[in-house]
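Worksheet: the structure to be examined is printed underneath.
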Amino acid sequence: MVAFFGKLSKSLVSFIPKQLSQEILSQKPQTAVPFSQLQEQRKILESKLVSILDGCNSVTQIQQVHAHILRNGLDQCCYVLAKLVRMLTKFEVPVGGYPRLVFEQVRYRNPFLWTALVRGYSVQGFVKESVFLYGCMRREGIGPVSFTFTALFKACGEILDVNLGRQIHAQTILVGGFASDLFVGNTMIDMYVKCGCLDSGRKLFDEMPERDVISWTELIVAYAKNGNMESAGQLFDELPVKDMVAWTAMVTGYAQNAQPREALEFFERMQNAGVKVDDVTLVGVISACAQLGAAKYANWVREVAESSGFVPAKNVVIGSALIDMYSKCGSLEDACKVFEAMEERNVFSYSSMIAGFAVHGRPHDALQLFNEMLDTETKPNRVTFIGVLTACSHAGMAEEGRQIFASMEERFGVPPSADHYVCMVDLLGRVGQLEEALHLAETMPLEPNAGVWGALLGACRIHGNPDIAEIAASHLFKMEPNAIGNYVLLSNIYASARQWDDASRIRKLMRAKGLRKNPACSWLEAKKGVVYEFFAGDLTHPESSKIMQVLEDLLDRLKINGYRPHLSAMAYDVSDEDKKRLLLTHSEKLALGFGLLGTSSDSSIRIMKNLRICEDCHLFICGASQITGREIIVRDNMRFHHFRDGQCSCGNFW
DNA sequence: CTAGGGTTAG
């Protein structure tokens with residue numbers, strides 16, 4: 001019987017279309033007897049079978065139960081069969097096949113049986129069919145139950161069809177009573193916010209007769225995703241009973257909105273409130289630590305995770321988050337260790353590790369890992385390719401990059417986005433093919449974003465091409481009129497090309513727009529996790545004279561090795577002596593001087609900077625790493641530079 | 001049946 005049925009269902013799966021046929025639905029079904037009015041014996045029987053079905057964890061097991069039902073002439077027990085349909089669709093059995101067949105074999109259909117099918121269609125993404133079936137159900141005079149509506153709203157949220165959602169919303173009121181059902185209300189809020197109609201969701205929330213922590217949390221998350229942490233916080237404060245999920249939503253919300261300190265503060269409050277923490281909470285905290293980029297936090301969060309009993313090797317999400325965090329905190333070794341130890345790896349783990357290699361200037365490791373990833377079942381996604389292309393770009397591997405870019409769509413089904421074009425323009429630009437990069441930007445099939453022109457402008461700085469720089473900048477000034485960096489870059493490109501008038505014209509433009517340079521700032525962590533900050537030209541640090549002495553000494557020794565201060569990019573109308581002085585007090589040099597003074601000679605010096613490292617400092621630190629024999633790691637706002645023995649991992653492209 | 005998660009660019 002089982003074998004026979006297995007065969008039958010298989011053939012039906014392939015023959016019954018997923019689209020609903022009018023013919024089948026026009027058969028006359030009849031309303032079933034309500035469960036409460038069933039005979040006692042039948043009640044017991046159905047309940048028993050339902051609990052057996054609940055325990056099934058494969059389609060084969062469900063088929064066995066079904067065979068038993070048919071064998072014993074119970075094929076009109078619609079409560080059990082509704083459960084059966086529900087279980088089948090849970091296992092992603094196509095709803096047009098087997099579950100549909102079960103539905104049709106029952107003559108006396110109850111709301112649960114109908115709903116099971118409505119749900120089935122909706123979870124499999126056949127929303128229109130699901131709604132159509134709901135219409136049929138209504139025509140037959142079958143009243144919906146609350147999860148008929150939750151299924152429909154969930155589907156609308158998936159396909160972002162708010163108009164359909166509003167129609168069904170109207171139905172909940174028309175049919176009566178369902179609009180005030182808590183479950184239905186919550187799914188409606190979720191539907192509205194998923195569709196981007198936060199106001200509708202909020203209105204619904206305000207009008208709901210009954211709300212629970214889930215209703216609140218849904219809105220808190222919606223505000224957070226909209227970048228409105230103020231409203232999220234307000235709601236959170238008003239929330240009478242806060243649970244772990246609500247707290248986590250706040251922690252994660254701050255982390256996702258680039259407010260890592262607030263995220264950590266919230267996490268602390270959460271712990272003080274005695275709320276339990278789980279892996280989801282920790283992922284938010286780890287992400288906040290990644291943004292802070294400090295080893296101090298990295299070590300702290302790892303301890304928190306371990307003391308909460310979460311092992312990175314056994315939790316793929318925690319592991320992936322840690323890989324990202326360690327690589328952003330400058331410790332590629334720790335990132336690798338986590339990656340190696342992981343028992344399961346997915347596209348996030350690989351992408352994070354690949355991006356880690358790319359940003360730390362190890363393109364070959366990135367590409368090797370990409371190839372290893374392809375050997376596994378893991379499919380790369382658009383983010384993976386950003387990492388891979390960035391790696392190619394840093395290694396100057398234009399040809400490999402081109403090939404991978406071309407293979408994205410045809411081999412991996414990932415259509416290149418504007419961001420991938422950014423990588424390609426960057427790739428071509430870095431190797432000096434500026435004309436080609438410009439051509440790509442001008443002819444790409446998508447609308448070029450600011451990143452595309454920014455990459456081109458950056459390449460013009462490396463290769464000193466003011467003409468193409470002007471084209472790129474003209475786009476950028478329109479797209480990002482207030483982004484100071486673009487003006488600075490263009491002005492420096494002009495200055496390097498000795499086009500002083502143009503350079504000062506740009507400076508004037510900046511002034512006219514009221515734009516002021518962000519003060520350059522570098523910082524480093526000394527012992528005990530104390531952070532020291534240095535601003536360019538700022539000699540107020542108590543050890544400034546010692547720091548300057550160290551730098552002067554270094555400068556003298558570097559000059560012997562052939563170093564010359566890189567003055568050309570400075571557009572200031574001051575004497576060369578003053579320029580040299582200004583250069584020597586760049587924030588990253590001050591931090592370096594302090595690092596050489598204040599840390600033991602066997603450890604590496606880790607400096608962070610809020611802007612891109614300057615050309616002169618890059619040269620200076622390269623030399624310093626050779627003279628002092630120290631490893632110096634600088635994280636600027638773009639990437640990591642590992643200086644060792646007079647070489648930098650970025651290959652002088654940055 | 002309803003709520004919170006990790007990767008990306010100049």
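Quick note on labels: first sequence line is chain A, next is B, and so on, each numbered from 1.
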So what does [X] touch, heavy atoms closer than 4.0 Å: a base, only the sugar-phosphate, or nothing?
| X | result |
| --- | --- |
| A:V316 | base |
| A:A290 | nothing |
| A:T281 | base |
| A:D419 | base |
| A:L389 | nothing |
| A:N449 | nothing |
| A:K242 | nothing |
| A:Q256 | sugar-phosphate |
| A:K90 | nothing |
| A:S146 | base |
| A:V317 | base |
| A:S352 | sugar-phosphate |

For DNA chain B, note the earliest and the latest nucleotide, 5' to 3', having some atom under 4.0 Å of a heavy atom belonging to chain A.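 Nucleotide range in contact with chain A: B:dC1 to B:dG10.
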
Once ring pair (Phe, Tyr, Trp, His ring centres under 6.0 Å) is applied, do any residues pair with A:F405, and if so which ones, sequence neighbours excluded?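 Expected list: A:Y421.
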
Could you check whether A:E306 pairs with A:R302 (Lys NZ or Arg NE/NH1/NH2 to Asp/Glu carboxylate O, under 4.0 Å)?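 Yes, charged N to carboxylate O under 4.0 Å.
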
Check the pair A:N610 / A:N637 against side-chain hydrogen bond (donor to acceptor under 3.5 Å, both in side chains), numbers first and verdict last. CA-CA 6 Å; A:N610 64 340; A:N637 62 344; over 6 Å; no

For the student: nearest non-hydrogen atoms of A:M87 and A:D54, plus distance: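 So the minimum-distance heavy-atom pair works out to CE-O, 4.1 Å.
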
May I ask you to check whether A:W216 and A:F205 place their ring centres under 6.0 Å from each other?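 Between A:F205 and A:W216, the centre distance is under 6.0 Å.
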
Parallel, tilted or perpendicular: which one describes the rings of A:F266 and A:Y254, with boundaries at 30° and 60°?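 Tilted, since the angle between the ring planes falls between 30° and 60°.
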
side-chain hydrogen bond (donor to acceptor under 3.5 Å, both in side chains) partner of A:S320, chosen from A:S351, A:S349, A:S352: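 Exactly one pass, corresponding to A:S349.
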
